[in-house]
Every structure is written in C-alpha cells, then in structure tokens.
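Here the structure is a predicted model, which is why all the values come from computation and not from measurement.
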Amino acid sequence: MDYNELAVELHSEIRALHAVKLLESFNEAEQGEAFVLQFITHKNRVVLPGEIRQKMKVSSARIAQILNSLESKGLITRRIDEKDRRNILVTITQEGSDLVKRIKCQLVQRAADLLEMLGEKDAREYVRITSKLVELASIRRETE
C-alpha cells in the first residue's frame, strides 16, 4: 500500500471538509472567546489570564483583548486577587455558563446530525478510527 498517496488523498478530503465549512463550527468553539469560556468552565474555578494564555499559546495582548470583550458582554468578571494584587482573577458569569451550555448543545446536535447521515455502522467506524488516530498521534507526540 502506498501510504503517501493515501495521505495526499486524506489531506485533500480534509481540505474539502473545510471548504464546505463542515468543521467551521467545531473550530470556532476551539478558538477565541468560546475557547476561553469553555476553559474557565472546564477548570470549574477562578483562573488567571496567564493560564489561558499558556493553554491557547497566544500573546498576553490577545488574551487581554478577548477578556475585555467577554467582560463587556457580561460573560466573565475580573477582579484583583486580594492575596497577590499583581494577579487578576477571571470568573465566568451565569450568562457565560449558559452560553457555554448552548454552544456545547449546538455542537453535539450538529455532530449527531452528521453521524446520523452516515448511518450507524459508518458513524461508529468513523468515531472508532478517529479515536485511534488521536491515540496514535498522542503516542507519537510523546516520543518526539
């Protein structure tokens, strides 16, 4: 089997998925404001802007921009840490939590719709193979 040829075909298909914007909603949820809200929700605690910056691998200026926007929309609050006044503590508001829940429900529904279109057998196989690729990529990353 020519794995290079198959890899080229896979790359082409992934580009086609992007072209039809199939993955766009999933990508949007993993970037910018939606990512920050989900990160804070996942941590289930107050977070520091530096933690978000490290996770997103973006500049402090970009994090400040995102946090300013989220705060102006009432989705997060920021306050100075009483124990260490150099730190800013970021907390999600109820409105922000509600938005995260809505985003997650929308993403799950979109994925469910697509999987249903594939049919049960292909959907299960797709999820199985995707899971295996994630596992293999993780192992490979650890050895590099």
Side-chain angles (χ1 to χ4, degrees), residues 2-118 122-144:
D2 184 351
Y3 287 103
N4 287 330
E5 185 177 312
L6 195 57
V8 168
E9 184 179 342
L10 175 62
H11 183 260
S12 175
E13 294 302 327
I14 290 172
R15 288 186 67 179
L17 283 175
H18 285 285
V20 296
K21 305 204 183 294
L22 181 63
L23 301 176
E24 190 172 84
S25 58
F26 297 103
N27 290 338
E28 287 172 4
E30 295 300 320
Q31 300 174 28
E33 293 181 5
F35 177 89
V36 171
L37 291 173
Q38 290 182 74
F39 180 77
I40 297 168
T41 300
H42 177 72
K43 290 293 184 182
N44 200 25
R45 63 176 173 78
V46 175
V47 299
L48 301 171
E51 293 176 86
I52 302 167
R53 183 188 58 74
Q54 286 177 328
K55 185 68 174 175
M56 290 183 74
K57 297 179 173 81
V58 297
S59 70
S60 297
R62 176 68 179 129
I63 292 302
Q65 181 183 38
I66 292 170
L67 294 178
N68 286 338
S69 176
L70 290 171
E71 189 172 40
S72 72
K73 295 173 183 176
L75 302 174
I76 64 159
T77 59
R78 290 185 282 188
R79 62 183 166 78
I80 296 173
D81 186 348
E82 296 294 322
K83 296 176 186 166
D84 185 347
R85 298 189 59 76
R86 296 172 295 176
N87 289 331
I88 302 294
L89 305 174
V90 181
T91 309
I92 194 164
T93 64
Q94 186 60 51
E95 188 177 345
S97 292
D98 293 345
L99 179 59
V100 169
K101 288 175 188 168
R102 284 194 308 272
I103 290 169
K104 187 174 182 178
C105 285
Q106 289 172 352
L107 290 173
V108 167
Q109 189 56 56
R110 287 179 184 154
D113 291 346
L114 291 170
L115 292 171
E116 184 178 358
M117 290 169 68
L118 277 175
D122 286 343
R124 287 186 187 281
E125 190 66 3
Y126 176 75
V127 172
R128 183 190 69 76
I129 290 170
T130 301
S131 177
K132 189 168 186 172
L133 282 172
V134 168
E135 180 185 339
L136 294 171
S138 177
I139 290 168
R140 185 172 191 181
R141 184 177 219 178
E142 290 172 6
T143 62
E144 290 180 346

Next item on the list: State, with a plain yes or no, whether a side-chain heavy atom of Leu67 is found less than 4.5 Å away from one of Ile52.
Entry: yes
Check: Which heavy atom of Lys73 sits nearest a heavy atom of Glu95, and at what distance?
Finding: O-OE2, 3.8 Å
Next item on the list: Compare all side-chain heavy atoms of Asp122 with those of Tyr126 and state whether any distance is below 4.5 angstrom.
Entry: no
Next item on the list: Flag the pair Glu51 / Val90 as yes when at least one side-chain heavy-atom distance between them is below 4.5 Å, and no otherwise.
Entry: no
Check: Knowing that exactly one of Leu48, Val46, Leu89 qualifies, which makes a side-chain contact (heavy atoms from CB on, under 4.5 Å) with Asp81?
Finding: Leu89
Check: Would a 4.5 Å heavy-atom cut-off, applied to side chains only, mark Arg102 and Leu99 as touching?
Finding: yes
Notebook entry, point to check: Roughly how far, to the nearest 0.5 Å, is the NZ atom of Lys101 from the SG atom of Cys105?
Noted result: 9.5 Å
Checklist line | Flag side-chain contact, heavy atom, 4.5 Å: Met56 against Ile66 | finding: yes
Next item on the list: Report yes if some heavy atom in the side chain of Ile14 is under 4.5 Å from a heavy atom in the side chain of Leu10; otherwise report no.
Entry: yes
Note to self: Using 0.5 Å steps for rounding, measure from the CD1 atom of Ile76 to the CD1 atom of Ile92.
What the structure shows: 8.5 Å
Next item on the list: List the steps, then state whether side-chain contact (heavy atoms from CB on, under 4.5 Å) holds for Ile88 with Ile80.
Entry: CA-CA 5 Å; Ile88 302 294; Ile80 296 173; 4.0 Å; yes
Next item on the list: Could you grab the distance from atom CD of Gln109 to atom CG of Leu114, nearest 0.5 Å is fine?
Entry: 10.0 Å
Check: Going from OG1 on Thr93 to CD on Glu71, what distance comes out if it is rounded to the nearest 0.5 angstrom?
Finding: 10.0 Å
Check: What is the distance from atom CZ of Arg78 to atom CG of Asn68, rounded to the nearest 0.5 Å?
Finding: 4.5 Å
Check: Do Leu115 and Val127 have side chains that get closer than 4.5 Å, going by heavy atoms?
Finding: yes
Next item on the list: Work out which heavy atom in Arg53 is nearest to a heavy atom in Ser60; give both atom names and the distance.
Entry: CD-OG, 3.3 Å
Check: More than 12 heavy atoms of other residues, nucleotides or ligands under 6.0 Å from CZ of Arg45: is that the case?
Finding: yes
Item checked: Between NZ on residue Lys104 and CG on residue Leu37, distance to nearest 0.5 Å -> 14.0 Å
Notebook entry, point to check: Thinking salt bridges, do Glu125 and Arg128 make one under a 4.0 Å N-O criterion?
Noted result: yes
